[in-house]
Engineer: 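Take a look at this one; I'll ask things after.
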Amino acid sequence: MLTLKKTDRIVVLTGAGISAESGIPTFRDAMEGLWSEFDPEELATLSAFKRNPKLVLDWYEWRIKAFVDKAIPNPAHQTLVKWEEYFENFTLITQNVDGLHIKAGNKNVIEFHGNIKRMKCLGHNHKFAWVRKGEEIPLCSVCNSMLRPDVVFFNEMIDPNNLQAANKAVRNCDVFFAIGTSGMVYPAAGYLEEAQILGAKTYVVNTEHHFPASKRDSTVFLRGKAGEILPKIALS
Ligand code: OAD
């Protein structure tokens, strides 16, 4: 089995698959019941929010109450807490907005696509914990503009600080893991190939082959559930 060295500079990119074993459906699976008639790509946009803020806030609030608030970290999240404590140089980049890595105990997490439990204002990006009474559209207590979920909507830019930190880590790593991500949404999806081109050892942990074949040339594919694979990886 694979063994990682304490001095390896490690970057881990996670996606929705790592939270699947905690009961959170992936982004594309999450449309159920009342919401099944909506396309998430039409709800998770700035124009949808401006057109109908109540609908978009209702959808995010449903995801928080139905899944995120009930979820507890699984053995994959717990393994990454041990990795952060063990390695001298460890960076965790997550595309997930569920906050489960932080709940598990990871401290340095780049929340690449934001956090579903936060809001920010349209005017100046003032940030708040999720605050909503009933069906109201909450307003910023500083500038009075509407509050939206603090997540990256489709077609929006990644926060420049997060992008810079993630780019720097990927360009300087020895070992790169892509865990539970389909590798379809850029720029995060480009990191595996970039790390590989720059000479890092690259690993994919996934229940299915999802990264396109051209990217897998020297990538080691560890097939299975993240919660079962990660605890078996040895540290030396
Ligand atoms: P996806 O839903 O696209 O992919 C989830 C991946 O996890 C798939 O490749 C599954 O095969 C895999 N998977 C499922 N269960 C697993 C398990 N137990 N262990 C390991 N792998 C498992 O999710 P992401 O790649 O995270 O963006 O999607 C990326 C982005 O697309 C999201 O962050 C979101 C979405 O649009 C924004 O909202 C901006």
Side-chain angles (χ1 to χ4, degrees), residues 2 12-32 35 38-49 56-57 59-60 62-64 67-68 71-80 92-101 104 109-120 148-160 162-163 166 176-193 202-213 215-216 219-233:
L2 165 66
V12 174
L13 170 70
T14 62
I18 198 167
S19 294
E21 291 159 80
S22 295
I24 302 184
T26 63
F27 193 77
R28 289 162 192 88
D29 288 340
M31 307 305 281
E32 291 176 357
W35 295 102
F38 294 97
D39 178 351
E41 302 209 5
E42 284 166 18
L43 290 170
T45 68
L46 187 57
S47 54
F49 180 77
V56 174
L57 290 175
W59 181 58
Y60 279 94
W62 168 70
R63 291 170 61 199
I64 291 172
F67 307 111
V68 174
I72 54 169
N74 66 56
H77 297 103
Q78 286 153 4
T79 301
L80 296 182
L92 177 53
I93 307 164
T94 188
Q95 298 166 90
N96 299 340
V97 296
D98 56 36
L100 276 187
H101 288 301
V109 184
I110 301 174
E111 291 189 312
F112 212 62
H113 290 166
N115 189 307
I116 197 169
K117 298 287 294 284
R118 280 196 313 258
M119 306 185 103
K120 65 178 179 182
R148 52 162 280 183
D150 186 14
V151 299
V152 176
F153 284 145
F154 284 103
N155 302 322
E156 285 190 316
M157 306 292 282
I158 303 295
D159 175 292
N162 285 342
L163 192 62
F176 180 93
F177 277 85
I179 302 171
T181 175
S182 56
M184 282 172 12
V185 176
Y186 284 80
Y191 284 145
L192 176 82
E193 192 169 27
T202 52
Y203 299 88
V204 164
V205 179
N206 202 306
T207 46
E208 291 169 47
H209 266 301
H210 265 164
F211 271 89
K215 292 184 183 173
R216 291 205 310 267
T219 294
V220 176
F221 179 56
L222 304 170
R223 185 179 204 131
K225 292 183 175 177
E228 292 170 9
I229 302 253
L230 293 191
K232 290 186 193 147
I233 296 175

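Both ligands and their constituent atoms are indexed starting at 1 by order of listing.
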Engineer: Would Ala16 count as a polar contact of ligand 1, with the cut-off being nitrogen or oxygen pairs under 3.5 Å?
Structural biologist: yes

Engineer: Could you tell me whether the side chain of Asn206 and the main chain of Ser182 form a donor-acceptor pair under 3.5 Å?
Structural biologist: no

Engineer: Please compare Ser182, Gly114, Ala189, Gly183 and report which has the shortest non-hydrogen distance to atom 4 (O) of ligand 1.
Structural biologist: Ser182

Engineer: May I ask which of Asn74, Val185, Val151 has a heavy atom nearer to atom 31 (O) of ligand 1 than the others do?
Structural biologist: Val185

Engineer: Under 3.5 Å, N or O to N or O, is Gly15 touching ligand 1 that way?
Structural biologist: no

Engineer: Out of Gly17, Ala178, Pro25, indicate the one that has the non-hydrogen atom closest to atom 17 (C) of ligand 1.
Structural biologist: Gly17

Engineer: Once you measure the plane-to-plane angle for Tyr60 and Phe153, does it fall in the parallel (<30°), tilted (30-60°) or perpendicular (>60°) bin?
Structural biologist: tilted

Engineer: Within a strict 4.5 Å, meaning less than it, do heavy atoms of the His101 and Ile18 side chains meet?
Structural biologist: yes

Engineer: I'd like to know if the side chain of Gln95 reaches the main chain of Thr14, judged simply by a donor and an acceptor atom lying under 3.5 Å from each other, with no hydrogens or angles considered.
Structural biologist: yes

Engineer: Which ligand 1 atoms are under 4.0 Å away from a heavy-atom of Phe154?
Structural biologist: 36 (O)

Engineer: Provide the closest heavy-atom pair for Thr181 versus Gly15 in the form atom of the first, atom of the second, distance.
Structural biologist: CB-CA, 3.9 Å

Engineer: Evaluate the salt bridge (charged side-chain N to carboxylate O under 4.0 Å, His left out) criterion for residues Arg148 and Glu156: first the C-alpha distance (whole Å), next the side-chain angles of each, then the deciding distance (0.1 Å), finally the verdict.
Structural biologist: CA-CA 13 Å; Arg148 52 162 280 183; Glu156 285 190 316; 2.7 Å; yes

Engineer: Number the atoms of ligand 1 from 1 as they appear, then name those within less than 4.0 Å of a heavy atom of Gln95, with their elements.
Structural biologist: 29 (C), 33 (O)

Engineer: Is the backbone N or O of Ile24 less than 3.5 Å from a side-chain atom of Ser22, with the two atoms forming a donor-acceptor pair by type?
Structural biologist: no

Engineer: Is there a nitrogen or oxygen of Glu21 sitting under 3.5 Å from a nitrogen or oxygen of ligand 1?
Structural biologist: yes

Engineer: Please confirm whether Gly224 approaches ligand 1 to less than 4.0 Å, judged on its heavy atoms.
Structural biologist: yes

Engineer: Walk me through it: do Thr79 and Ile233 pass the test side-chain contact (heavy atoms from CB on, under 4.5 Å)?
Structural biologist: CA-CA 9 Å; Thr79 301; Ile233 296 175; over 6 Å; no

Engineer: Any N or O of Gly180 that comes nearer than 3.5 Å to an N or O of ligand 1?
Structural biologist: yes

Engineer: Within ligand 1, which atoms have a heavy atom of Ala20 less than 4.0 Å away?
Structural biologist: 15 (N)

